[in-house]
Novice: 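Starting off with a structure, shown below.
We count ligands from 1, going down the list as the structure has it; atoms in each ligand are counted the same way.
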Amino acid sequence: MKICMFSSKAYDEKFFSLNNSNTSKKLETSYLSSHLNEETVYMAEGFDVVCCFVNDNLNAKVLTTLKEQGVQLVALRCAGFNNVDLKAAKQLNLPVCRVPEYSPYAVAEHACALILDLNRNIHRAHNRIRENDYSLDGLLGFDLHSKTVGVVGAGKIGRAFINIMNGFGCNVLVYDPMLTETNAEDNFTQVTLEELLAQSDIISLHCPLTASTQHLIDTQAIDKMKPNVMLINTSRGALVDTVAIIKGLKLKKIGYLGIDVYEEESEIFFEDLSDTFIQDDVFARLQTFPNVMITGHQAFFTKEALNKIAQTTINNIHSYFINKPQDSNLVS
Ligand code: NAI
């Protein structure tokens, strides 16, 4: 079986090779650093499977070319599939599988890291101390205890995050339209999106990007929030309207912003751009705020998660080709 892995980094190769060497039927894998898109799709010629990540663009044109080139399976090595035209994949009869869960803790803990850093100004304190500046002005934080945290999307990551916030003694509100039943052990209160926006001191997004969640946080939503709210997005960039967020920051309506994802991240994240400059003016503006913490889509990036991603992707591919498609985490 010949696999072509797009958007591949040294760490992908390391964990994939390690897990591949532990299986009896080895996958013959080529690691490519390029993203998969309309310009690079020709590179998949002669492969049985393409293995893709969050910023590969699997639109109808790319999927059609993959099918024409004889690709039999798209194996996503991520949970989200907003970058795949599933309707086109279905029409083409080109199956797509994914890794539905690898470590919800990795992402939930990273969301928490952003909250703690923004609140207690850890990055500013670190820089000051390196300059022998031990003053505390500008570093004032607040107790997380007793604050209200609004969680949008109580799936695997949302629930891991809720548990952490409960540990800090926060009151947790949840908006999740698919959550119809609550259990006695649920440690949160279900509310409407309006109630969540109006009552939360911290809002953290953990829902998928779909047509209905695109720009869920826009000007109207920001207007409904408490002044000085903290907004955290570790889910997908397009859940928020970044231009509206910048307005909210300038008006001091948003007091803190922590993001691990950005709407136009595919041209920026995962690359070393230190020898160049940022062409994206919206992103560059975001970087100027002292109360904005940006990480480059690294919330998933733990040893445990990379190991599980590699293991599940390899299992998905093997299961699919030994006629056990039901065990291969198919999304289309
Ligand atoms: P999940 O499928 O377990 O949970 C998603 C939850 O969102 C579900 O409970 C669903 O009912 C809810 N939901 C759907 N539509 C909603 C809406 N309109 N409003 C509120 N809630 C809604 O997914 P999981 O594993 O918790 O992942 C969540 C998201 O996190 C993924 O879709 C992905 O975009 C993102 N992610 C980010 C990573 C990173 O490295 N930054 C890594 C992994 C996932």
Novice: Looking at ligand 1, is there an atom of it that comes within less than 4.0 Å of some heavy atom belonging to Y102?
Specialist: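 Per 4.0 Å heavy-atom rule, Y102 contacts ligand 1.
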Novice: Tell me which part of D260 gets within contact of ligand 1: side chain, backbone, both or neither, using heavy atoms under 4.0 Å.
Specialist: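 Side chain only.
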Novice: So, regarding Q298 and ligand 1 (criterion: nitrogen or oxygen to nitrogen or oxygen, under 3.5 Å), is there a contact or not?
Specialist: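 Between Q298 and ligand 1, no N or O pair is found under 3.5 Å apart.
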Novice: Hey, looking at atom 38 (C) of ligand 1, which of L196, V261, T234 has the closest heavy atom?
Specialist: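 The option holding the nearest heavy atom is T234.
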Novice: With heavy atoms only and a cut-off of under 4.0 Å, state how H110 meets ligand 1: side chain, backbone, both or neither.
Specialist: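 The answer is neither.
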Novice: Identify the heavy atoms of V49 and A75 that sit nearest to each other, and give their distance.
Specialist: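 Reported closest heavy-atom pair: CG1-CB, 3.9 Å.
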Novice: Which atom pair, heavy atoms only, marks the closest approach of A60 to D85?
Specialist: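 Nearest heavy atoms, A60 then D85: CB-OD2, 3.8 Å.
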Novice: Kindly check if the number of other-residue, nucleotide or ligand heavy atoms within 6.0 Å of CG (L140) is above 12?
Specialist: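 No, the 6.0 Å shell around CG holds no more than 12 heavy atoms from other groups.
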Novice: Please list, in number order, the atoms of ligand 1 under 4.0 Å from a heavy atom of C207.
Specialist: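 Once the distances to C207 are compared, the set is 7 (O), 13 (N), 16 (C), 20 (C), 21 (N), 22 (C).
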Novice: In terms of atom number and element, which parts of ligand 1 are under 4.0 angstrom from non-hydrogen atoms of V107?
Specialist: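 Heavy-atom distances to V107 below 4.0 Å select 38 (C), 42 (C), 43 (C).
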Novice: If you look at every heavy atom in S34 and M43, which pair is closest and at what distance?
Specialist: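 Where S34 meets M43 most closely, the heavy atoms are OG-CE, 3.7 Å.
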Novice: Test your reading of the model: is there a side-chain donor-acceptor pair from D48 to the backbone of V71, 3.5 Å cut-off?
Specialist: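 It does not hold such a pair.
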Novice: When you measure from the side chain of D56 to the backbone of L36, do you find a donor-acceptor pair of N or O atoms at a distance under 3.5 Å?
Specialist: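 Present.
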Novice: Can you sort out which atoms of ligand 1 are near T213, meaning under 4.0 Å from one of its heavy atoms?
Specialist: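 That gives atoms 17 (C), 18 (N) of ligand 1.
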Novice: Between I157 and ligand 1, is there a nitrogen or oxygen pair with a distance under 3.5 Å?
Specialist: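 Yes: some nitrogen or oxygen of I157 is under 3.5 Å from one in ligand 1.
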Novice: Show the atoms of ligand 1 that are less than 4.0 angstrom away from any heavy atom in Y175.
Specialist: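 Here the atoms of ligand 1 in question are 19 (N), 20 (C), 21 (N).
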Novice: Please identify which atoms of ligand 1 are closer than 4.0 Å to at least one heavy atom of V152.
Specialist: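 This gives 20 (C) as the contact atoms.
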Novice: Heavy atoms only: which of Q214, R159, H206, K156 is nearest to atom 1 (P) of ligand 1?
Specialist: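 Heavy atom nearest to atom 1 (P) of ligand 1 belongs to K156.
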Novice: Side chain, backbone, both or neither: which part of A154 comes within less than 4.0 Å of ligand 1 when only heavy atoms are counted?
Specialist: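 Contact part for A154 vs ligand 1: backbone (N, CA, C, O).
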Novice: Give me the atom names and distance for the closest heavy-atom approach of N20 to K26.
Specialist: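 Result for this residue pair: O-CD, 3.4 Å.
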Novice: For atom CZ of F270, decide whether the heavy atoms of other residues, nucleotides or ligands shown that lie under 6.0 angstrom number more than 12.
Specialist: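 Enclosed: over 12 neighbouring heavy atoms sit under 6.0 Å from CZ of F270.
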Novice: How about N19 and N307: does a side-chain donor come under 3.5 Å of a side-chain acceptor?
Specialist: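 Short answer, yes.
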Novice: Any luck finding a side-chain donor-acceptor pair between H35 and S266 under 3.5 Å?
Specialist: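 Distance-only check fails for H35 and S266.
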Novice: Is it the case that over 12 heavy atoms from other parts of the model lie below 6.0 angstrom from the CD atom of Q298?
Specialist: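 Enclosed: over 12 neighbouring heavy atoms sit under 6.0 Å from CD of Q298.
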Novice: Which residue owns the protein heavy atom closest to atom 20 (C) of ligand 1, what's the atom, and how far is it?
Specialist: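 Protein heavy atom with the smallest distance to atom 20 (C) of ligand 1: P177 CD, 3.4 Å.
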Novice: Report yes or no: does a heavy atom of H297 sit under 4.0 Å from some atom of ligand 1?
Specialist: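 Flag set, H297 near ligand 1.
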Novice: Can you tell me if L209 has a non-hydrogen atom under 4.0 Å from ligand 1?
Specialist: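 In this structure, L209 fails to qualify as a contact of ligand 1 - no heavy atom is under 4.0 Å.
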Novice: Closest non-hydrogen protein atom to atom 12 (C) of ligand 1, residue and atom name please, with distance?
Specialist: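 Checked against all protein heavy atoms, atom 12 (C) of ligand 1 sits closest to D176 OD2, 3.2 Å.
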Novice: List the closest protein heavy-atom neighbour of atom 36 (N) of ligand 1: residue, atom name, distance to the nearest 0.1 Å.
Specialist: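 Protein heavy atom at minimum distance: R236 NH1, 3.8 Å.
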